[in-house]
Amino acid sequence: MSTRYDPAKTLARFHEVTNAQDFVAIEAMFAPDVVYVSQGVGGRIEGRDAVMTAFRSYFEEYPDQEAEDKKLEALSPNSARSEWSLTGTSTKTGVWRERHGAETITLDGDGLIIRVDVEG
């Protein structure tokens, strides 16, 4: 399926609104049946409402998170991948952490994110 959307720009925008913790904008980027796979939010989560609940919970624990894309590229007309790093401090434990990984998004024909796979 090809789209009229640039998946790399969509991924960059997704990371921009995620870094800003703009939950309204994040939610608007997800398809209703989005699948989000990441250990950072608890494994495999299905559906926009469940994903948003996980995002809010994650950012309650890591409100100071700062993430940066090291590399960002389109893989196909409907997918993009980034290599990233992030830091943040847990409000539960007080432990500061640094993570590195990769993330791939897949878009539907309307440019909404239908799947996110996070490694790392």
Side-chain angles (χ1 to χ4, degrees):
M1 169 195 290
S2 66
T3 77
R4 59 189 164 165
Y5 300 94
D6 180 332
K9 287 182 181 175
T10 301
L11 182 52
R13 173 72 180 142
F14 175 59
H15 288 170
E16 178 184 310
V17 299
T18 300
N19 278 335
Q21 298 179 36
D22 182 342
F23 297 115
V24 171
I26 294 167
E27 185 172 1
M29 295 189 76
F30 288 138
D33 58 349
V34 65
V35 174
Y36 197 99
V37 181
S38 171
Q39 293 310 309
V41 293
R44 180 185 173 100
I45 303 169
E46 297 183 25
R48 183 170 45 211
D49 291 343
V51 171
M52 291 308 301
T53 297
F55 263 59
R56 284 182 175 92
S57 176
Y58 177 87
F59 282 110
E60 283 177 17
E61 182 171 356
Y62 294 97
D64 67 341
Q65 177 182 292
E66 294 183 23
E68 178 182 358
D69 287 319
K70 302 295 184 184
K71 180 179 180 183
L72 199 146
E73 63 185 338
L75 299 176
S76 73
N78 67 334
S79 67
R81 184 174 190 272
S82 71
E83 294 176 10
W84 51 262
S85 65
L86 64 80
T87 60
T89 308
S90 171
T91 57
K92 293 178 182 177
T93 66
V95 174
W96 179 86
R97 73 176 185 166
E98 183 175 2
R99 290 177 52 205
H100 302 274
E103 179 176 70
T104 303
I105 63 163
T106 305
L107 306 176
D108 68 10
D110 294 323
L112 295 175
I113 298 169
I114 58 172
R115 186 172 177 101
V116 180
D117 290 284
V118 179
E119 307 160 29

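If you're wondering where the values come from, they're calculated on a predicted model, not measured in any experiment.
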Same apolar cluster (I L V M F W Y, side chains within < 4.5 Å links), Tyr58/Val37: no

When every non-hydrogen atom of Pro63 is compared with those of Glu60, the smallest separation belongs to CD-O, 3.6 Å

In this structure, NE2 of His15 is separated from CG of Leu86 (nearest 0.5 Å) by 10.0 Å

So do the side chains of Glu73 and Leu11 get within less than 4.5 Å of each other, counting heavy atoms only? no

Single-linkage hydrophobic cluster Val118~Phe55, side-chain heavy atoms < 4.5 angstrom: yes

What pair of heavy atoms forms the shortest contact from Ala102 to Arg81, and how long is it? CB-NH2, 3.1 Å

Of all the heavy-atom pairs spanning Val34 and Ile113, show the shortest one and how long it is. CG2-O, 3.5 Å

Using every non-hydrogen atom in the two residues, find where Ala25 and Val17 come nearest and quote the distance to one decimal. CB-CG1, 3.7 Å

Would a hydrophobic clustering, with Ile, Leu, Val, Met, Phe, Trp and Tyr connected at side-chain separations under 4.5 Å, put Leu107 with Leu75? no

Report the distance from atom CZ of Arg56 to atom CD of Gln21, rounding to the nearest 0.5 Å. 11.0 Å

Would you confirm whether Asn19, through its side chain, and Ala67, through its main-chain N or O, come within 3.5 Å as a donor-acceptor pair? yes

Candidate list Arg99, Lys71, Glu68, Lys70, test side-chain contact (heavy atoms from CB on, under 4.5 Å), partner Trp84, passing option: Arg99

Could you tell me whether the side chain of Asp110 and the main chain of Leu112 form a donor-acceptor pair under 3.5 Å? no

Heavy-atom pair with the smallest gap, counting every atom of Phe30 and Arg48: O-NH1, 2.7 Å

Pairing donors with acceptors under 3.5 angstrom, does anything connect the side chains of Glu98 and Thr87? no

What are the two closest non-hydrogen atoms of Asn78 and Ser76, and how far apart are they? OD1-OG, 2.9 Å

Interatomic spacing from CZ in Phe59 to CG in Asp64 - rounded to 0.5 Å: 10.5 Å

If Ile, Leu, Val, Met, Phe, Trp and Tyr residues are connected whenever their side-chain heavy atoms lie under 4.5 Å apart, and connections chain through other members, are Leu72 and Met29 in the same group? yes

Rounded to the nearest 0.5 Å, the CD1 atom of Ile105 sits from the OG atom of Ser79 at a distance of 8.0 Å

Nearest 0.5 Å, please: how far is CD in Glu103 from OH in Tyr36? 5.0 Å

Look at the side chain of Ser57 and the backbone N and O of Thr53, then say whether any donor-acceptor pair between them is shorter than 3.5 Å. no

Between Tyr62 and Arg97, is a side-chain contact (heavy atoms from CB on, under 4.5 Å) present by the stated rule, with each step listed? CA-CA 10 Å; Tyr62 294 97; Arg97 73 176 185 166; 3.6 Å; yes

So how far is it from Asp22 CG to Glu16 CD, rounded to the nearest 0.5 Å? 9.5 Å

